[in-house]
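Heads up: the structure comes next, in structure tokens.
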Amino acid sequence: MAWSNHSTAVTEFTLTGLSDDPLIAALLFVLFLGVYLLTMTGNLLLLLVIRADSRLHTPMYFFLSNLSFVDLCFSSVTVPKLLKDLLCAKKSISVEGCLAQVFFVFFSSGTEACLLSVMAYDRYAAICHPLLYGQVMRNELCVRLVLLSWGVASLNTTVIVLLAVNLDFCEAQTIHHYTCELPALFPLSCSDISIAVYVLLCSSLLHGLGTFTLIFFSYARIISTILSISSTTGRSKAFSTCSSHLAAVTLFFGSGFLCYLMPPSGSSLDLLLSLQYSTVTPMLNPLIYSLKNKEVKAAVSRALRKYLL
């Protein structure tokens with residue numbers, strides 16, 4: 001480990017956090033505690049409903065259940081530490097803990113990007129080839145696509161974390177962020193970061209643009225197919241099956257690209273983008289899929305009647 005040469009100088013980092021004002025910190029603690037509880041509750045309920053209702057045992061909801069699990073992990077990587085720091089005067093994190101956060105943030109976000117592209121392909125198959133949908137989206141293919149998503153994200157994350165492991169940190173210990181993100185670590189390094197920045201940029205572009213390109217082409221075909229439907233009711237019904245996914249893609253990739261492709265400045269905009277990307281989006285995903293999905297709402301209603309009556 002490259003920073004073992006400086007282990008006596010740097011054993012932990014100090015985070016600037018969101019605020020040093022005790023009153024503002026207390027208000028933010030209540031806000032993000034609520035966000036975290038909503039995230040946990042919403043995603044867990046969605047997982048339980050999908051598992052309990054046999055009518056939701058389809059490829060679309062299989063992918064959605066995996067997305068909910070990733071959102072649970074994604075939120076749990078940063079929010080509990082954020083909540084702890086909002087109550088503490090000293091906001092510190094060990095070198096090992098910082099590395100772990102870098103790993104799991106990239107792993108969770110990378111898996112989510114892959115799953116969203118897989119879900120776009122599922123919607124393409126359902127809308128553009130409805131008669132062949134059952135043959136195309138077989139159970140074996142769905143499992144392989146999910147495993148591929150986890151595998152690609154794991155490989156990409158390993159490359160990125162190796163960059164962090166090989167950075168040298170000599171004196172500067174303050175991370176101008178509320179969590180450990182690799183772009184925020186670069187200004188603290190006393191070694192040459194040019195290669196690391198280049199590899200991170202290339203890796204983020206390949207992974208982010210690669211998954212987004214698959215989504216773009218899937219939706220290009222979906223929109224073309226929807227516009228060719230003569231019935232207004234048919235077009236509305238076809239679009240409603242992918243509107244939730246499109247909203248989730250917009251939220252995730254919009255803030256994600258800005259967060260990792262903009263140079264880190266430690267500004268309020270950086271923090272807001274990161275908060276939306278890693279905290280708000282995992283909370284909104286189950287709301288988007290439940291509020292805009294008649295099948296999920298019907299399944300929730302059946303579950304409530306079953307357990308409350």
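When a residue number appears, it is its place in the shown sequence, counting from 1.
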Ignoring hydrogens and angles, write down the donor-acceptor pairs under 3.5 Å from the side chains of residues 117-132, residues two or more places apart or on other chains.
residue : atom : partner : partner atom : Å
S117    : OG   : C114    : O            : 2.6
D122    : OD1  : Y133    : OH           : 2.5
Y124    : OH   : H129    : NE2          : 3.1

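Each salt bridge (charged side-chain N to carboxylate O under 4.0 Å, His left out) pair with one or both residues in residues 61-90, not counting sequence neighbours, appears once here: E12-K90, K81-D85. Sorted by first and then second residue, the ring-ring contact (aromatic ring centres under 6.0 Å, His included) pairs with a member in residues 26-53 form an empty list; sequence neighbours excluded.
For the pair L67 and L116, the minimum side-chain heavy-atom distance is below 4.5 Å. Residues L15 and S92 are not in side-chain contact: their nearest non-hydrogen atoms beyond the backbone lie 4.5 Å or more apart. No side-chain heavy atom of N139 sits under 4.5 Å from any side-chain heavy atom of F62. Side-chain contact between S65 and R51 is absent, with no heavy-atom pair separated by less than 4.5 Å. With contacts defined as side-chain heavy-atom distances shorter than 4.5 Å, the pair N285/F252 does not qualify. Looking at F63 and M137, their side chains come closer than 4.5 Å, going by heavy atoms from C-beta outward.
Both L82 and L87 are assigned to one and the same hydrophobic cluster, defined by single-linkage of ILVMFWY side chains at heavy-atom distances under 4.5 Å. Each of V152 and F253 belongs to its own hydrophobic cluster when Ile, Leu, Val, Met, Phe, Trp and Tyr are linked at side-chain heavy-atom distances under 4.5 angstrom. A continuous path of Ile, Leu, Val, Met, Phe, Trp and Tyr side chains, each step under 4.5 Å between heavy atoms, connects F106 with W150, placing both in one hydrophobic cluster. Both L185 and V159 belong to a single network of hydrophobic side chains, linked directly or stepwise wherever heavy atoms of I, L, V, M, F, W or Y lie under 4.5 Å apart. Side-chain heavy atoms closer than 4.5 Å link hydrophobic residues (I, L, V, M, F, W, Y) into clusters, and following such links, possibly through other members, connects V143 to V70.
Every ring pair (Phe, Tyr, Trp, His ring centres under 6.0 Å) that Y219 has, sequence neighbours left out, goes to H245. Under the ring pair (Phe, Tyr, Trp, His ring centres under 6.0 Å) criterion, F103 pairs with F107, not counting sequence neighbours. Applying the ring pair (Phe, Tyr, Trp, His ring centres under 6.0 Å) rule to H57 yields no partners; only residues at least two apart in sequence or on another chain are considered. With sequence neighbours excluded, the residues satisfying side chain to side chain donor-acceptor pair (under 3.5 Å) with S278 are Y178. For F74, the ring pair (Phe, Tyr, Trp, His ring centres under 6.0 Å) partners two or more places apart in sequence, or in a different chain, are Y277. Shown here are the side chain to side chain donor-acceptor pair (under 3.5 Å) partners of T78, two or more places apart in sequence or in another chain: there are none.
Enclosure of atom CG in L31 by more than 12 non-hydrogen atoms of other residues, nucleotides or ligands within 6.0 angstrom is indicated.
One distance of note links CG of L251 with CE of M283; it measures 10.0 Å at 0.5 Å rounding. The CG atom of L148 sits 10.0 Å away from the CG atom of L115 when rounded to the nearest 0.5 Å. Rounding to the nearest 0.5 Å places CG of L209 at 11.0 Å from CD1 of I215.
Listed for the T281 side chain is a donor-acceptor partner under 3.5 Å among the backbone atoms of Q276. In this structure, S108 contributes its side chain and V105 its backbone to no donor-acceptor pair below 3.5 Å. With hydrogens and angles disregarded, a donor-acceptor distance shorter than 3.5 Å links the side chain of N43 to the backbone of T39. The backbone N or O of A153 sits less than 3.5 Å from a side-chain atom of T157, completing a donor-acceptor pair. Panel note: side chain S203, backbone V199; no donor-acceptor pair is recorded below 3.5 Å. At distances below 3.5 Å, at least one donor-acceptor pair connects side-chain atoms of T225 with backbone N or O atoms of R221. Here the side chain of Q101 pairs a donor or acceptor atom with the backbone of C180 at under 3.5 angstrom. T41 places no side-chain N or O within 3.5 Å of a backbone atom of L38 that could act as its donor or acceptor partner.
The minimum heavy-atom distance between S75 and P80, with the atom names listed, is O-CD, 3.7 Å. Of all heavy-atom pairs spanning T16 and D20, the tightest one is O-OD1, 4.1 Å. Considering all non-hydrogen atoms of both residues, M40 and S76 come closest at CE-OG, 3.7 Å. Nearest heavy-atom pair, S68 versus L47, reported as atom, atom and distance to 0.1 Å: CB-CG, 4.0 Å. Taking each heavy atom of S154 and T158 in turn, the nearest pair found is O-OG1, 2.8 Å.
In the hydrophobic clustering, where aliphatic and aromatic side chains (Ile, Leu, Val, Met, Phe, Trp, Tyr) are joined below 4.5 Å either directly or transitively, F217 groups with F216. L48 forms part of no hydrophobic cluster, judged by ILVMFWY side-chain heavy-atom separations under 4.5 Å. With a 4.5 Å cut-off between side-chain heavy atoms of Ile, Leu, Val, Met, Phe, Trp and Tyr, the cluster of L45 takes in none.
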Side chain to side chain contact (heavy atoms under 4.5 Å, CB included) evaluation trace for T179 with I93: CA-CA 9 Å; T179 187; I93 185 169; over 6 Å; no

Take V79 and V35 through the test side chain to side chain contact (heavy atoms under 4.5 Å, CB included) and record every step on the way to the result. CA-CA 9 Å; V79 180; V35 168; 6.0 Å; no

Could you walk me through whether L275 and L18 satisfy the side chain to side chain contact (heavy atoms under 4.5 Å, CB included) test, starting with their C-alpha distance in whole Å, then the side-chain angles of each, then the deciding distance to 0.1 Å, before giving a yes or no? CA-CA 10 Å; L275 285 169; L18 296 179; 4.1 Å; yes

